[in-house]
Structures are given as C-alpha cells and as structure tokens.
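Written out below as structure tokens is the structure these notes cover.
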Amino acid sequence: MSDQLTITLPDGSTREVSPGTTAAEVAASIGSRLAKAAVAARLDEEPVDLGRRIERDCALAIVTSDSDEGRHVLRHSTAHVMAQAVLDLFPGAKFAIGPPIEDGFYYDFELPGGVHFSDDDLARIEARMREIVAADQPFVREEMGREDGLALFGDQPYKREIIESVDASEVGADSSVSVYRNPGPAGEGFVDLCRGPHVPSTKRLGAFRLMKVAGAYWRGDEKRPMLQRIYGTAWESAKALDEHLHRLEEAERRDHRRLGVELDLVSFPEELGAGLALWHPRGAVIRSVMEDYSRARHRESGYELVFTPHIARSNLWETSGHLDFYADGMYPPMELDEGHRYYPKPMNCPFHLLIFRSRIRSYRELPLRFFEFGTVYRYERSGVLHGLLRIRGFTQDDSHIFCTPDQLVPELSSLIEFVLSVLRAFGFEQFEAELSTRPEEKSVGSDEDWEMATRALFEAIDGSGLSYDVAEGEGAFYGPKIDIHVRDAIGRRWQLSTLQVDFQEPQRFELEYVGADNERHRPIMIHRALFGSVERFFGILIEHYAGAFPTWLSPVQCLVLPVADRHEPYAEKVLSQLRAAGVRGELWDATHDTLGARVRRGKLEKAPYVLVVGDDDVSSETVGVNRRGSAEADRGVPVDSFLAALLAEIDERRLPEGAAP
RNA sequence: GCCGGGGUAGCUCAGCCGGUAGAGCAGCGCACUCGUAAUGCGCAGGCCAGGGGUUCGAAUCCCCUCCCCGGCUCCA
C-alpha cells in the first residue's frame with residue numbers, strides 16, 4: 001500500500017503527493033505562473049488557505065487572484081489589513097464585520113467616545129495599511145473552542161455577539177471557531193474572527209484604495225447602534241484597480257442628474273420640494289416620443305387606454321387594502337366635503353378595477369387589458385431619494401390585465417415577449433429575470449391560488465428562453481411576480497419591468513364576469529409595469545446613452561448652421577424642408593458666433609446631425625453633414641438624399657452602432 | 001427615518017483663525033460674417049438655502065428648518 005495521496009485537479013488530471021503537502025506546493029509543482037497568481041484553494045469544494053496541508057485523497061483547485069473567487073479572498077484579506085490599521089490608529093476601537101463585496105470590501109467600526117472618521121483619517125488609515133502590506137505579515141489560521149474565542153475577544157462586544165450567534169445557529173455542530181492572526185514585527189499584531197480563507201501574507205495585497213465612510217446599522221437593523229463603515233476597493237493588480245476607477249469615472253460622467261441639467265432636460269428646484277422633478281422642453285420632447293411609441297405598441301397589442309384621476313376617497317384605499325398595508329408610504333389626505341378624506345394615489349390599480357366593475361363583463365371580453373400612464377405619489381423616506389431614479393411623484397406605464405385562469409399562462413407568455421420587444425426598441429439587449437415566490441410572512445390568499453399562479457409564472461418564463469433566478473419569498477403580499485432586469489451600456493443591472501399575478505384585488509373589489517356557463521366567475525388580475533416609472537426609465541436611458549440619444553428620441557435631431565449671414569435664407573429653406581418632414585430641427589444663425597463655436601456647442605449638446613451650409617451648398621442644393629460620433633464632415637450631400645436617409649433612420653428607430661458613446 | 005458630508009451668480013467652484021463677495025463658463029451689448037470642437041472687447045448678474053442667535057461687525061461661529069450628496073434601513 002502506497003503512502004502517497006491522489007489529488008484530482010479541475011482538468012481531471014491526477015497527481016500523487018505525500019501526505020502533508022500544502023496546496024501552495026501543489027500549485028508550485030504545476031507551474032510558477034499559477035503559484036504566483038494563487039491566493040487560496042478549494043479542497044473538495046471547501047475554500048481553504050494555500051497553506052492547508054493535504055491529508056487525504058481529494059479534488060483540489062487552485063484559486064487565482066484574477067477570478068471572482070480569488071478577488072473575493074483578496075478583498076477579504078484587505079479588509080483585515082484595514083481593521084488592523086484602524087485598531088492601530090484608534091486605540092479602543094471596536095470592530096464588527098468586514099466582508100468582501102462586489103468590487104471591494106468594507107469594515108464596520110465603533111470608535112471610542114463616538115468619534116467619527118474624517119476624510120483625512122482615510123488617508124492615514126490607507127498609509128498605515130501600506131506599511132502593513134510592506135511588513136509582509138503572514139495570515140495564520142487558528143482554531144479554538146467557543147469559550148476561548150469569547151475570551152480572546154473579551155473587549156470586542158460585536159465579535160462576541162457573532163461567536164454567540166454562530167454557536168446558537170449550529171446546534172450540535174462542532175463549536176469551534178477559527179481566527180486569523182497577522183503577527184506584527186514585535187510579536188503583537190492583529191487577530192480577527194474569520195472563516196477564511198486568506199492570502200498567505202499581506203504582501204500579496206496592494207491594489208486597493210479606501211473610498212468612503214458611511215453609517216451602517218449593526219446587523220442591518222435600524223433599531224441597533226449605527227456603526228461607521230469604511231468602504232474600499234481592491235483588485236488583483238494596479239491595472240485592474242485603475243480600470244475600476246475609470247469605470248467609476250465613466251459612471252459619474254453618465255450620471256443622469258448631471259446630464260439632465262447640462263442638457264436642459266429636467267431640473268429639481270428646491271422650491272418644488274424633495275423628490276419632485278420638472279420636465280423642461282427638451283426632456284418633455286423625449287418623454288412624449290417615449291410615451292407615443294409605448295401607446296402605439298400597446299394599442300397594437302390589444303390594450304385599451306384609460307385615464308384616471310390623481311386622488312380618490314379613503315374608502316377606495318380601504319377596499320384596496322392600501323390604507324391597511326401601505327399607509328406609511330402614502331401622502332396624507334386632504335379633507336373635503338364634510339370630512340371626506342381624499343388621498344393622492346400611490347397606485348393606479350384600484351381605478352382600473354373600478355373600470356372593470358363599471359358594468360357586467362362577459363368572458364368574451366377577456367383578457368381585458370387596461371393601460372394608462374398614471375402619475376402616482378408615494379411618500380419615500382427622505383434619505384432614499386435619488387434624482388429621477390427614486391422620486392416621490394412619478395408616472396407608471398401601468399397596465400392591469402383581467403383574464404380567466406385558462407388565459408393566465410398564454411397571457412403571461414405574450415406579455416414577456418411584448419415587454420422584451422419594447423425594451424429592445426429602446427436599445428436594451430441583455431435581459432435577466434427574477435421570479436419571486438410567496439413571502440414567508442405577510443401574505444394573503446389561499447395556497448392553491450399561490451401555487452397556481454407561481455406555476456403559471458414558471459411555465460411562462462420557461463417558455464420565454466429568458467435566464468432567471470428564483471427569489472424565494474420575495475413576492476408581493478398578494479401574489480408572485482416576475483421582474484425583468486436589463487444591463488446598460490456599461491454593464492450595470494437595472495430592474496425595470498414587473499409582472500405580478502394578483503388574486504386579492506379582484507376579490508376585494510368583488511370583480512366578476514359571466515362565463516360561457518352563464519355562471520359568475522372571478523377574473524385573475526395581472527399588474528404590469530414595463531418602463532416601471534417613466535421618470536426612472538428616462539434616467540436610466542440618459543445613463544445608458546450618456547445623453548447621446550438615438551436619433552428617433554433626440555430632442556433636437558438636426559441643427560442647421562449657415563456659415564455666414566448670407567446663407568441664412570438657404571438654411572431656413574433646408575430647415576423648413578426638415579420640419580415639413582417631421583424632423584425636429586433648429587437653426588443657429590451666424591450673427592453672434594463663429595461656425596467653430598456653433599459646431600462645438602452642437603456637439604456638446606449631442607445633436608445627432610449638425611448640418612453646415614455655405615456658398616457651395618446654396619448653389620448646389622446640398623448640405624455638409626456632421627454625424628454625431630464621426631470626426632469627419634461629409635460635404636456636398638444633396639438635401640433630398642440626406643433627408644431620405646434621416647427619415648429612414650428615425651422611422652426604423654435605429655440605435656447607435658456599437659456601445660453608446 | 002438614521003449616520004456622515006454639503007448648500008456662495010444659470011453652471012463649476014474660490015473665499016485661511018469673523019472686517020458686509022470673486023473667477024471661469026453660460027447670459028446680454030458692440031464689433032467681427034467666418035466651411036467645422038471656444039473671435040475680441042465690454043456689461044450685467046448673488047437676501048452667500050431659509051429663519052433665529054452670538055458679536056461693534058457673520059458667507060465665515062452656534063441652533064432650528066428646508067434641500068442636495070454618499071451610505072444604512074425601506075421600496076406595494
């Protein structure tokens with residue numbers, strides 16, 4: 001019998017090693033590049049340190065720093081280094097938790113005397129971290145019993161709480177905890193409660209930066225103390241860190257709040273109040289094009305347009321259940337007509353239910369699809385407001401579909417297809433869905449209804465070819481739902497559309513239709529928002545296109561610039577030709593600005609086309625065409641052919657080529 | 001709502017430890033009439049978010065309110 005162990009690598013090959021060999025040694029034996037990139041390992045799927053000794057036959061995978069899992073380890077180790085730096089610089093600080101997150105890590109602290117971190121502190125902490133990295137401290141794993149752990153963290157209440165809760169939740173499991181030590185030069189050093197794994201040594205780290213300080217409730221509970229969280233980002237190389245910082249700059253450049261004001265689309269004057277926006281003419285043009293297109297698509301697909309008021313009496317909200325469940329999120333009522341309370345609407349559905357109920361309905365009318373751009377008001381907590389993306393007054397492209405149980409699956413299937421088709425028209429190409437099931441607590445309705453509806457959603461989404469995740473227990477209180485997410489031009493994920501099955505409201509409003517059997521039946525309702533909120537969708541479009549909208553959406557599609565005043569009559573003629581064909585154009589005359597200045601302004605305003613007309617054009621009925629995104633002007637283009645091409649582009653709602661600029 | 005940071009001209013921002021405001025861009029006027037990313041000169045523009053307080057004197061220091069930013073919590 002051999003005393004060698006057999007390890008199986010991810011490619012299926014095997015190696016013989018002697019017992020006690022470390023994962024790091026295996027990596028080194030495979031190749032020096034791998035050894036250099038290695039940060040941790042997986043031993044029979046269990047994440048372990050590179051220093052872990054192999055004592056049995058196993059499957060082993062080396063985790064490298066350029067993988068998601070590897071970056072996870074790097075970030076986690078960097079968080080430890082940050083905690084060490086903070087404890088060095090702020091004696092008496094308590095440290096709570098410090099996990100890796102997308103793009104980086106954070107650590108939560110409580111400073112003695114309620115002191116807060118300042119921006120200067122971040123620089124000091126970061127400098128101390130660099131010293132720790134340079135000191136090449138090893139990460140040493142140690143396991144100990146629960147009591148020893150509690151003793152070790154005697155003056156660290158948050159750590160003690162974690163140890164106690166870990167123990168409580170793992171009844172019967174072995175009650176040991178693991179800690180990682182970073183011994184300092186003088187024998188002191190840092191120790192943190194941690195499952196690991198970690199990089200072998202701090203010198204393995206370095207491409208990090210501390211980003212910001214923020215408050216965060218301990219354990220995410222707003223009734224518990226607020227700790228101070230420091231966020232950092234960390235990467236496998238300086239290059240990857242740089243790229244990340246560039247992505248942040250890019251996101252900032254696209255910020256809809258900045259571009260919205262710069263391009264004169266919207267504003268948020270303080271006088272208006274928090275969470276409310278004004279749509280300026282240029283923003284309003286885009287919005288009306290969006291809405292017109294949406295209405296046309298809805299009509300084509302068998303929806304009927306409705307309009308409903310902004311306020312309704314309290315009894316309507318009692319019937320719908322909003323006053324029971326969501327009174328906190330509603331604007332307060334105004335009192336009229338001897339004590340009747342009228343609430344601004346937080347949702348449109350009760351109105352659509354009333355339209356359904358306005359007369360006897362036949363099964364022959366179903367599915368009945370009501371559609372409305374309905375402006376709603378929700379009292380969002382002040383701290384959550386964010387430009388157009390989270391706002392208190394907004395407009396839902398809201399639809400309520402009433403159907404029979406038999407119609408549910410086909411209706412959901414065509415709904416998904418419809419939603420994707422409209423989103424594609426606006427330039428989104430990547431979709432991901434999330435199917436949310438019945439919440440554990442706080443839900444209403446029978447098990448059979450929930451099962452039926454959930455099954456219908458699964459069937460529809462399985463047939464759609466969309467990739468999706470299941471979010472257990474994340475459904476609305478009245479029914480399960482499918483949310484559709486998109487990826488924008490720089491890869492960010494946004495939740496847009498939602499499809500929700502609802503048995504509750506039809507019941508509360510006692511909706512009925514007469515079936516083929518001449519009996520009364522209760523319809524099922526589907527709530528559906530496609531853009532979600534027009535304001536939010538618009539904000540996302542601004543960021544997706546960085547303000548350079550496709551021509552069909554652009555507020556000004558074409559600028560006409562006469563080279564000199566004498567070309568103005570011809571420019572007027574060109575402009576009127578464009579306008580007669582329905583193109584949105586403007587003429588910027590030569591009276592005050594040079595041609596160069598006007599061209600520059602046109603480009604900064606991201607006009608899709610800037611036409612320059614001079615002597616040559618007047619005599620030959622042409623224009624000089626500057627297309628957005630192309631450096632070269634196209635001189636001498638006949639007006640007719642330019643216009644024909646432009647109209648085709650608008651008519652087809654053509655999208656910019658490649659990634660948006 | 002909570003923690004932290006802010007609010008000075010339309011925009012971006014300067015204004016140290018208190019001595020009653022400044023730049024660039026934008027705007028307006030005049031000149032320039034020009035073929036592709038800033039023509040020149042000049043002018044005007046601020047209740048320093050709002051209110052209260054301290055002080056001989058407040059943009060500056062303190063308090064309250066409103067609004068914004070970054071997080072946390074929340075999101076029918």
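Note that this is a predicted model, so its numbers are computed, not measured.
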Under 3.5 Å, which N/O atoms of the protein pair with N/O atoms of nucleotides 3-5 of chain B?
{"residue": "B/C3", "atom": "O2", "partner": "A/Gly215", "partner atom": "N", "Å": "3.4"}
{"residue": "B/G4", "atom": "OP1", "partner": "A/His116", "partner atom": "NE2", "Å": "2.9"}

Polar pairs (N or O, both sides) under 3.5 Å between protein and nucleotides 8-15 of chain B?
none

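By the 30° and 60° cut-offs, the orientation of the rings of A/Tyr545 relative to A/Phe549 is tilted. The aromatic rings of A/Phe537 and A/Phe531 lie parallel to each other, with less than 30° between the two planes, well short of the 60° mark.
Remark: aromatic rings of A/His527 and A/Tyr478 are close, center separation under 6.0 Å.
Within the 4.0 angstrom heavy-atom criterion, no nucleotide atom of any strand lies near A/Asp221. Counting non-hydrogen atoms under 4.0 angstrom, A/Ala274 reaches the backbone sugars and phosphates but no base. Using a 4.0 Å heavy-atom cutoff across all strands shown, A/Asp617 reaches at least one base atom of the nucleic acid. A/Phe325 comes within 4.0 angstrom of nothing in the nucleic acid, heavy atoms only. Within the nucleic acid shown, A/Ala597 comes within 4.0 Å of sugar-phosphate atoms alone, with no base atom in reach, counting heavy atoms only. Nucleic acid contact class of A/Pro269 (heavy atoms, under 4.0 Å, all strands): none. As judged by a 4.0 angstrom heavy-atom cut-off over every strand, A/Gly596 is placed among residues touching the sugar-phosphate backbone only. Within 4.0 Å of A/Phe477, counting heavy atoms only, lies no atom of the nucleic acid at all. Within the nucleic acid shown, A/Gly636 has no heavy atom closer than 4.0 Å to any nucleic acid atom. A/Arg598 comes within contact range of no nucleotide atom at all, as no heavy-atom separation falls under 4.0 Å.
Contacts with RNA chain B (heavy atom under 4.0 Å) in residues 380-392 of chain A: A/Arg381, A/Ser382, A/Gly383, A/Val384, A/Leu385, A/His386, A/Gly387, A/Arg390, listed by number.
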For residues 323-330 of chain A, dump all side-chain donor-acceptor pairs below 3.5 Å to protein atoms at least two apart in sequence or in another chain.
none

Show every donor-acceptor pair shorter than 3.5 Å between a side-chain atom in residues 97-110 of chain A and any protein atom, with sequence neighbours excluded, or say none if there are none.
{"residue": "A/Tyr107", "atom": "OH", "partner": "A/Lys159", "partner atom": "NZ", "Å": "2.8"}
{"residue": "A/Tyr107", "atom": "OH", "partner": "A/Asp192", "partner atom": "OD1", "Å": "3.3"}
{"residue": "A/Tyr107", "atom": "OH", "partner": "A/Asp192", "partner atom": "OD2", "Å": "2.4"}
{"residue": "A/Asp108", "atom": "OD1", "partner": "A/Arg229", "partner atom": "NE", "Å": "2.7"}
{"residue": "A/Asp108", "atom": "OD2", "partner": "A/Arg229", "partner atom": "NH2", "Å": "3.0"}
{"residue": "A/Glu110", "atom": "OE2", "partner": "A/Tyr158", "partner atom": "OH", "Å": "2.6"}

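Between the side chains of A/His280 and A/Ser267, at least one donor-acceptor pair of N or O atoms lies under 3.5 Å. Side-chain N/O atoms of A/Asp593 and A/Trp588 include no donor and acceptor closer than 3.5 Å.
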So what is the 5' to 3' dot-bracket string for RNA chain B, if pairs are Watson-Crick or G-U wobble with both distances under 3.5 Å, crossing pairs use [ ] and | means the partner sits on another strand? (((((((..((((.....[..)))).(((((.......))))).....(((((..]....))))))))))))....
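With a glycosidic angle no further than 90° from 0, B/C17 counts as syn.
Nucleotides B/G71 and B/G27 have their C1' atoms positioned 38 Å apart, rounded to a whole Å. Straight-line distance between the C1' atoms of B/A14 and B/G46: roughly 15 Å, to the nearest whole Å.
The base of B/G35 does not come close enough to the side chain of A/Asp615 for any donor and acceptor atom to sit less than 3.5 Å apart. The base of B/G1 lies outside donor-acceptor range of the side chain of A/Tyr379, with no N or O pair under 3.5 Å.
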